[in-house]
Each structure stands twice: as C-alpha cells, then as structure tokens.
Amino acid sequence: MSSDVITWIGTILTAIGTAVTLWQARKVKRYKDQVAFDLRKISISEAGEILRRGQEDCRKLLRSGGRGQSITNICDSVQERLDQAMNRFNQKSQDLDIKEKLTSANGLLHEVRQENNTSQNSADLHVVFQEAIQLCNERLMEIN
Amino acid sequence: MEDLQLQINKLKYQMSLVGESLDSREHPIATLVIAMDWDDKDLDKAHDIFEKFEGILDSGEKPNWTEFEHDFEQQFGIGYQTLKMVVLAFHRNFQWTHVCEVYAKDKECMEFHEITRPKNF
C-alpha cells in the first residue's frame with residue numbers, strides 16, 4: 001500500500017472528524033438558543049406577574065389617605081416590585097420598550113415620593129404599569 | 001315588618017357573596033369589614049386600638065401584646081386566630097404597618113410570613 005493511499009485515508013478521516021465537530025457545535029448552539037429563548041419567556045411572564053402586584057399597590061396609592069396609612073410604605077412596595085421586574089430583563093438588546101416603561105415608572109414614583117402633584121403622578125404611574133403589563137402580554141404572544 | 005326582615009336577610013346574603021368574590025389582597029379592608037360584619041364605627045374602633053399601640057411604639061416603650069389582643073377581644077369578641085386576619089388586612093392596606101410588623105415578629109407564624117419575610121413576588 002503506497003503512502004499516497006494512507007495520506008488520502010487520513011485526509012478523509014480528518015474531514016469526517018471536522019464535519020462531526022461542526023455538526024455538534026451547531027447542535028450546542030441551537031440548544032443554547034433554545035435555553036435562552038425559554039428563559040426569556042419565563043422572565044417576561046414573571047415580570048408581568050410582578051407588575052400586576054405592583055399595579056395593585058398603585059391602586060392603593062390612588063386611594064391613599066386612610067387612617068395610619070403610610071405613602072412611603074406603599075412607595076417602597078411599588079419600588080420593590082419595579083426593581084424585581086427590571087431584574088428579569090437581563091438581555092441587552094431585547095425588550096427595550098418594556099425597560100423604557102419601567103424606567104419611566106421609576107421617575108414617576110420618585111415624583112410621588114417627593115409629593116409633587118401626588119394624585120396626578122399616582123394616576124400616571126398606574127397607567128404606565130398597565131402599559132408595561134400589556135407589553136409583557138403582547139411580547140409573550142409574539143414570541144410563542 | 002316581616003317583608004323588611006326578608007329583604008335584610010337577602011341583602012346580607014348578597015353582601016356575603018360580594019365579600020367572597022373580593023380579592024383580599026387588592027381590597028383588604030373591604031374584605032375584612034364584610035367578613036367581620038363591621039360597620040364604619042367598628043372599623044374606627046379597630047383603628048383606635050392600632051393608633052394606641054402606634055403611640056406606645058413611637059414613645060419607645062415595649063408594647064404589651066396581651067393587652068393588644070385583650071383590646072380586640074373585648075371590643076369585637078375575637079381571639080388570636082381572627083386577629084391575625086385583622087393585622088394582615090391592615091398591613092396589606094399599608095395602614096399601621098409598624099404595629100403590624102412588630103406584632104407579627106413577636107407572634108411569628110405561617111400567616112405572618114408575608115409581613116416578616118421579604119417579598120418573592
């Protein structure tokens with residue numbers, strides 16, 4: 001058997017090895033993408049639920065003023081929900097519109113804390129929460 | 001007169017159904033008032049008790065929770081188990097939260113975990 005044949009066999013085996021490696025790498029990437037996609041779906045769904053709870057607190061802000069009621073505590077609770085929801089969006093270039101809503105809600109909440117036009121800002125905050133929840137619902141429908 | 005009584009009974013029954021269909025997280029005080037069959041004066045009396053203990057806490061004294069429970073028992077005839085529901089309702093409505101938190105920490109139980117432990121979501 002000449003050395004040429006052995007070289008050819010070696011070359012063919014190397015090519016097959018490369019092809020298998022490439023195929024496996026593609027499979028891993030597909031798997032990674034699927035995991036990232038599933039995590040995103042879970043995160044958006046969780047954020048929606050957190051925001052719904054936050055919106056309940058916003059409603060309490062709208063009706064605030066009862067005996068012994070603390071606006072600061074309501075604001076703290078809303079802030080906690082906003083932070084938790086924001087932490088669900090970790091991917092840089094995705095769901096920017098939802099993140100924008102959450103940032104806007106943070107600004108309004110700050111105004112409510114400062115007691116600047118409290119009733120109007122509380123009403124606006126409630127609307128922004130509603131819009132963010134709506135966006136989460138729409139996003140889930142889009143990516144499913 | 002009998003007709004009036006029937007109407008009242010019907011309304012009571014309907015109100016109890018309204019109470020059951022309310023979300024106790026979103027409308028804690030309304031749910032509480034209906035469940036306890038309170039009127040606005042009863043609610044005020046509950047506020048008075050919380051206010052009294054808020055004052056005690058503000059003054060730096062250690063509140064006597066047996067007295068707190070006794071006040072509710074005397075005023076509404078309710079025991080510790082029902083009082084837990086009252087404390088939760090006020091806390092959920094962000095009213096007298098300091099009193100609720102100190103009481104819940106002192107009387108640690110499953111129901112009070114939503115007060116004493118950080119929120120998940």
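Naming convention: chains lettered A, B, ... in sequence-line order (proteins, then strands); numbering from 1 in each chain. What you see below is based on every heavy atom in this structure, not just the backbone, and it leaves out hydrogens, waters and symmetry mates.
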For the pair Arg113(A) and Asp76(A), find out whether any cationic side-chain nitrogen is under 4.0 Å from an anionic carboxylate oxygen. yes
Give, for atom CG of Leu135(A) and atom CD of Glu100(A), the distance between the pair rounded to the nearest 0.5 Å. 9.5 Å
Please classify the contact between Arg59(A) and chain B as side chain, backbone, both or neither, with a heavy-atom cut-off of under 4.5 Å. side chain
With sequence neighbours excluded, residues passing salt bridge (charged side-chain N to carboxylate O under 4.0 Å, His left out) with Asp97(A): Arg139(A)
Using a heavy-atom distance cut-off of less than 4.5 Å, which residues of residues 76-93 of chain B contact chain A? Arg92(B), Asn93(B)
The ring-ring contact (aromatic ring centres under 6.0 Å, His included) partners of Trp65(B) (sequence neighbours excluded) come to Phe53(B), Phe68(B), Tyr103(B)
Considering only heavy atoms, which portion of Glu51(B) lies under 4.5 Å from any heavy atom of chain A: side chain, backbone, both, or neither? side chain
Pairwise salt bridge (Lys or Arg N to Asp or Glu O under 4.0 Å) hits with a residue in residues 8-25 of chain B, at least two apart: Arg25(B)-Glu114(B)
Lys107(B) and Glu69(B): CA distance, side-chain angles, deciding distance, salt bridge (charged side-chain N to carboxylate O under 4.0 Å, His left out) verdict: CA-CA 11 Å; Lys107(B) 306 276 172 177; Glu69(B) 286 160 6; 3.3 Å; yes
Would the distance check show the side chain of Thr97(B) and the main-chain N or O of Phe94(B) forming a donor-acceptor pair, the cut-off being under 3.5 Å? no
Given Gln69(A), Arg52(A), Glu56(A), the one with more heavy-atom pairs under 4.5 angstrom with chain B than any other is Gln69(A)
